[in-house]
Amino acid sequence: MSTVRADNYGNRLGTKSVPAGYVVDGTAKAWVSISGKGTPSVRASLNISSIVHNATGDYTNNYASAFANADYNAAFMNDNDGGSTTAVTLGFIATGPTASSGRIQVSASGLGRINLNWVGLNVFGALA
Amino acid sequence: MTTTPHLFERIMWASQNLKPVQPDYCVLYEDPEEPDAPVKIMIAAPEWLAMALHGGLLPPIEAYLLDAQEPDDAPKRHPYAEPIGPMTQEEAMEYLVMKDVPRRVWDRPGSNRRLFAIVPRSAIPADQTHRDAWRLNDLVRAAA
């Protein structure tokens, strides 16, 4: 493994550049695509050691390389259950994530918690 | 002097060089802090399992266990700990139990009641209509 060390990355003309920190800290440090219907499984992931199906619509993602603290951010994605489900909410539980894991719940208006075929998570932040 | 690359660098290397491996097993457990909750099902990520089987990439479990004793925002040992060798799928599940299952589930001195089991994934019913009624002993019996 080798590492390119630089303060900035830019185009050849020198007209556009970004600091290395923008690239290093601005890219997702973990992501996962969960198949939540049927037997739960991980379709694909980065920096995820495992997922836990806690109950209907209730998942925990465990990071292989932990974050520096719990002050990171995440973007979520889900499908709409073949069009039969609207107003789905998806997010971390109220106690928030920890540096090494995050518990997320999926709910649909009028249905409570539900399992969906696609549950996705992208996590941004500084690693330990 | 050589330095161990950060674990995330090794994860990135694995993402570009190793084929993901879907696990043959999963871990079932009940958390004593959630006595009314159904059994939890833990599934290894295929990319992580590929790293475990390959060897030379994941830190020793002891590094995670020591980190777990520290406050959440304390410096961590596991990103720079010297990697361990290859594991079998069974060994990887044992490792994952200690890494990702709360210690109160698998480290219960003096207790006879088992709170977790490693079972073939095929033992998990695909029909989840009554998922929130599933209990550990039911699934273990079904897997036997």
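Convention: sequence-line order gives letters A, B, ...; per-chain numbering from 1.
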> Side chain of Q128(B), backbone of A55(A): donor and acceptor closer than 3.5 Å?
Replying inline: no
> Between the main-chain N or O of A128(A) and the side-chain N or O of H78(B), is there a donor-acceptor pair closer than 3.5 Å?
Replying inline: no
Closest non-hydrogen atom pair between [X] and [Y], with its separation:
X      : Y      : answer
S15(B) : L46(A) : CB-CD1, 4.2 Å
R43(A) : Q22(B) : O-NE2, 4.4 Å
L7(B)  : A64(A) : CD2-O, 3.4 Å

>> At a 4.5 Å cut-off on heavy atoms, which part of A44(A) comes close to chain B: side chain, backbone, both, or neither?
In response: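 Both the backbone and the side chain of A44(A) come within 4.5 Å of chain B.
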> Contact part of Y59(A) toward chain B, heavy-atom cut-off under 4.5 Å: side chain, backbone, both or neither?
Replying inline: neither
Could you tell me whether [X] atom [atom1] has more than 12 heavy atoms of other residues or ligands within 6.0 Å of it?
X       : atom1 : value
R114(B) : CZ    : no
Y22(A)  : OH    : no
D7(A)   : CG    : no

> With respect to chain A, which residue among M51(B), M42(B), E47(B) yields the maximal number of heavy-atom pairs within a distance under 4.5 Å?
Replying inline: E47(B)
>> Using a 4.5 angstrom heavy-atom cutoff, name the option from I41(B), D67(B), L58(B) with the most pairs to chain A.
In response: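 Highest number of heavy-atom pairs under 4.5 Å: I41(B).
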In Å and rounded to the nearest 0.5 Å, what is the [atom1] to [atom2] distance from [X] to [Y]?
X       : Y       : atom1 : atom2 : result
S100(A) : K99(B)  : OG    : NZ    : 7.0 Å
N61(A)  : D100(B) : CG    : CG    : 10.0 Å
T39(A)  : I43(B)  : OG1   : CD1   : 7.5 Å
T98(A)  : D72(B)  : OG1   : CG    : 5.0 Å
F67(A)  : K76(B)  : CZ    : NZ    : 11.0 Å

Using heavy-atom distances under 4.5 Å, tell me whether [X] contacts chain A through its side chain, its backbone, both, or neither.
X      : value
P75(B) : neither
P71(B) : neither
A44(B) : both
Y29(B) : side chain
V39(B) : backbone

Quick one: of [options], who has the most non-hydrogen atom pairs under 4.5 Å with chain B?
options                        : answer
A70(A), P40(A), S101(A)        : P40(A)
S41(A), S45(A), A68(A), S49(A) : S49(A)
N69(A), N62(A), N115(A)        : N62(A)

Joint hydrophobic cluster, [X] plus [Y], side-chain heavy atoms closer than 4.5 Å:
X       : Y       : result
Y64(B)  : M98(B)  : yes
W31(A)  : W118(A) : no
F124(A) : V119(A) : no
I11(B)  : Y80(B)  : no
V21(B)  : W13(B)  : yes

> Under 3.5 Å, is there a donor-acceptor pair between the T56(A) and D132(B) side chains?
Replying inline: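 Yes, because at least one side-chain N or O of T56(A) sits under 3.5 Å from a partner of the opposite role on D132(B).
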>> Using side-chain contact (heavy atoms from CB on, under 4.5 Å), reason through D58(A) and K40(B) one step at a time and then give a plain yes or no.
In response: CA-CA 10 Å; D58(A) 187 331; K40(B) 299 171 188 288; over 6 Å; no
